[in-house]
Chemist: 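Before I ask anything, let me first share the structure, which is written out below as structure tokens.
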Protein chains: 2
Amino acid sequence: MMKTKDYELLLERKGLKKTKVRIALIQHFMNMEHAQSYNDLQAALVSELDKSTLYRNLTSFEQAGIIHRINDHTGISKYAFGEPQIHGNEHAHFVCECCETVYCMEGLVPLQLNIPKGFKTNNVQTVIKGICAKC
Amino acid sequence: MMKTKDYELLLERKGLKKTKVRIALIQHFMNMEHAQSYNDLQAALVSELDKSTLYRNLTSFEQAGIIHRINDHTGISKYAFGEPQIHGNEHAHFVCECCETVYCMEGLVPLQLNIPKGFKTNNVQTVIKGICAKC
DNA sequence: TTCACAAATGCAACTTGGTTGCATTTAAAT
DNA sequence: ATTTAAATGCAACCAAGTTGCATTTGTGAA
Ligand SMILES: [Mn+2]
Ligand SMILES: [Mn+2]
Ligand SMILES: [Zn+2]
Ligand SMILES: [Zn+2]
């Protein structure tokens, strides 16, 4: 008997069918430490994959909390493994202005903002631009 | 003799020609307290305006520091009067999840983030999602 | 194991925010 | 008034993402 793979558990728990596309996708996300764009994914997933299938799965995964979508202010969405919320706060993202890599910054202190009266804050998203350690 | 209008000064100082389109645009921005999308502008500027002309002027204005472009994570750029930097830091933006209005939050304390070793921060952009005072 | 059905896939056509090339017009310097 | 570079308008284009629909596939019940 072989033990159930972690990605299988993940898909099962979310009530998503275990298809070839999804298993390839989810494994790729688990191995990648940086955020991935549609093009990154298409290039990485050897067998050419239909555009709408890929986008639909990204949406499903996002809704299921398997991945999170990142807006790095380039106009192109990036996706990374895991939920966006860590202990209730959205984590920040670092965008390297040199190599374009998008990093999830898990360990940062959440910023404290005193919003004007009458405004109710639900969620704060932070994008940090700069030069990464590799560049 | 009439005194020079403030928008005239602005255009002159930046070395931009004072065209009808630009004067209409710049006046509109000065009267608007909220950020404006391409569609907002097109709807507001009575005389129908060419798409590329509008976009080109938005880019010129942005480069000249007359307006700043805001990414509110909807995928549609918004523009607001003034420079993005207040005393060296980018100001935060509040996006109402109810009425979609984007507010420039000028008075917020600059946040201190301790970025991992090797990463150099150039600029921090913050988008706050919530419910505005009017909603 | 087979059957039935809902959900996932693939393909093509579409939408939308934004850009580009080029001919014509216009602001402004001389 | 003349000249010239920059601004405008138009059409064609581009890329990211979405949608409708016929076909295939995973899964649970028979
Ligand atoms: Mn992240
Ligand atoms: Mn602003
Ligand atoms: Zn880098
Ligand atoms: Zn509101």
Side-chain angles (χ1 to χ4, degrees), chain A residues 4-5 7-28 35-64 66-79 100 102, chain B residues 4-5 7-28 35-64 66-79 100 102:
Chain A
T4 330
K5 301 285 199 302
Y7 57 79
E8 288 187 315
L9 280 178
L10 204 47
L11 290 173
E12 254 165 47
R13 211 165 52 226
K14 304 294 183 175
L16 294 171
K17 282 193 190 175
K18 286 173 271 183
T19 69
K20 288 172 186 294
V21 173
R22 282 181 181 161
I23 290 168
L25 242 188
I26 211 167
Q27 285 193 105
H28 179 73
Q36 304 282 296
S37 67
Y38 166 84
N39 284 322
D40 293 338
L41 293 167
Q42 199 59 275
L45 301 187
V46 278
S47 48
E48 192 67 18
L49 181 51
D50 182 69
K51 187 198 268 230
S52 55
T53 301
L54 180 36
Y55 275 118
R56 281 193 274 234
N57 276 318
L58 289 172
T59 305
S60 305
F61 281 10
E62 192 193 1
Q63 278 163 4
I66 295 172
I67 61 173
H68 61 283
R69 185 187 305 247
I70 303 158
N71 185 313
D72 64 359
H73 298 192
T74 63
I76 300 162
S77 289
K78 306 280 160 63
Y79 307 83
E100 315 268 74
V102 175
Chain B
T4 331
K5 303 285 201 302
Y7 58 78
E8 289 187 314
L9 280 177
L10 204 46
L11 289 173
E12 254 163 47
R13 210 165 52 228
K14 305 294 184 175
L16 293 170
K17 283 192 190 174
K18 286 173 271 182
T19 69
K20 288 170 186 293
V21 173
R22 282 181 183 163
I23 290 167
L25 242 188
I26 210 168
Q27 285 195 105
H28 179 72
Q36 303 282 294
S37 68
Y38 166 83
N39 284 322
D40 293 338
L41 294 166
Q42 199 59 275
L45 301 187
V46 278
S47 49
E48 191 66 19
L49 181 50
D50 182 70
K51 187 199 268 229
S52 55
T53 301
L54 179 38
Y55 275 118
R56 281 194 275 235
N57 277 317
L58 289 172
T59 305
S60 306
F61 281 12
E62 191 193 5
Q63 277 162 4
I66 296 172
I67 61 171
H68 61 283
R69 185 187 304 245
I70 303 158
N71 187 313
D72 64 359
H73 298 193
T74 62
I76 301 163
S77 290
K78 306 280 160 62
Y79 307 83
E100 315 267 76
V102 176

Chemist: Just to verify, what does B:Asn57 make a side chain to side chain donor-acceptor pair (under 3.5 Å) with, not counting sequence neighbours?
Modeler: B:Arg22

Chemist: CG of B:Asp40 versus P of C:dG17: gap in Å, rounded?
Modeler: 11 Å

Chemist: What pairs with A:Tyr38 under ring-ring contact (aromatic ring centres under 6.0 Å, His included), at least two apart in sequence or on another chain?
Modeler: A:Tyr55

Chemist: Among residues at least two apart in sequence or on other chains, which ones pass ring-ring contact (aromatic ring centres under 6.0 Å, His included) with A:His68?
Modeler: A:His91, A:His93

Chemist: Could you list the residues that satisfy side chain to side chain donor-acceptor pair (under 3.5 Å) with A:Ser37, not counting sequence neighbours?
Modeler: A:Asp40

Chemist: Looking at five pairs on each end of the helix from C:dT1-D:dA30 to C:dT30-D:dA1, what is the angle between the two axes, given to 10 degrees?
Modeler: 30°

Chemist: Considering only side-chain heavy atoms of A:Leu49, which listed nucleotide, C:dA8, C:dG10, D:dA7, is closest?
Modeler: C:dG10

Chemist: Using only atom types and a distance under 3.5 Å, with no angle test, would you say the side chain of B:Lys78 pairs donor to acceptor with the backbone of B:Ala35?
Modeler: no

Chemist: How long is the span from the CG atom in A:Leu45 to the CD atom in A:Gln42, to the nearest 0.5 Å?
Modeler: 7.0 Å

Chemist: Strictly distance-based, threshold 3.5 Å: is any side-chain N or O of B:Lys18 a donor or acceptor partner for the main-chain N or O of B:Glu8?
Modeler: no

Chemist: To the nearest Å, give me how far apart CD (A:Gln42) and P (D:dA15) are.
Modeler: 15 Å

Chemist: Round to a whole Å and report the spacing from NZ of A:Lys14 to P of C:dA8.
Modeler: 15 Å

Chemist: Nearest-Å distance, CD (A:Glu48) to C1' (C:dC11)?
Modeler: 13 Å

Chemist: Within this structure, what is the CG-to-P distance between B:Leu41 and C:dG17, rounded to whole angstrom?
Modeler: 13 Å

Chemist: Would you say B:Gln27's side chain and B:Tyr7's backbone share a donor-acceptor pair under 3.5 angstrom?
Modeler: no

Chemist: How close do B:Asp72 and B:Ile76 get, heavy atom to heavy atom, and via which atoms?
Modeler: OD1-O, 3.5 Å

Chemist: Check nucleotides 1-4 of chain C against the protein and report each pair of N or O atoms closer than 3.5 Å, with its distance, or say if there are none.
Modeler:
none

Chemist: Rounded to whole angstroms, how far apart are CD1 on A:Ile23 and P on C:dA8?
Modeler: 13 Å

Chemist: Looking at A:Ile67, A:Leu11, A:Val21, A:Leu16, which one forms a side-chain contact (heavy atoms from CB on, under 4.5 Å) with A:Ile26?
Modeler: A:Leu11

Chemist: Does B:Asn71 have any side chain to side chain donor-acceptor pair (under 3.5 Å) partners at least two apart in sequence or in another chain, and if so, which?
Modeler: A:Asn71

Chemist: I want to check one thing: is the phosphate of D:dG9, taken as OP1 and OP2, less than 4.0 Å away from some side-chain N or O of B:Thr53?
Modeler: yes

Chemist: Could you go over nucleotides 24-30 of chain C and give all protein N or O partners under 3.5 Å, atom names and distances?
Modeler:
residue	atom	partner	partner atom	Å
C:dA28	OP1	B:Lys18	N	3.0

Chemist: Using side-chain contact (heavy atoms from CB on, under 4.5 Å) as the criterion, list what pairs up with B:Ala44, not counting sequence neighbours.
Modeler: B:His28

Chemist: Tell me the interatomic distance from A:Gln63, atom CD, to C:dA8, atom C1', rounded to whole angstroms.
Modeler: 15 Å

Chemist: How far does CG of A:Leu41 sit from CG of A:Leu54, to the nearest 0.5 angstrom?
Modeler: 5.5 Å

Chemist: Protein within reach of the bases, or only the backbone? For nucleotides 16-21 of chain D, mark each nucleotide 5' to 3' as B, S or -, using heavy atoms under 4.0 Å.
Modeler: BBBBB-

Chemist: Which pairs pass salt bridge (Lys or Arg N to Asp or Glu O under 4.0 Å) with one or both residues in residues 47-62 of chain A, sequence neighbours excluded?
Modeler: A:Glu62-A:Arg69

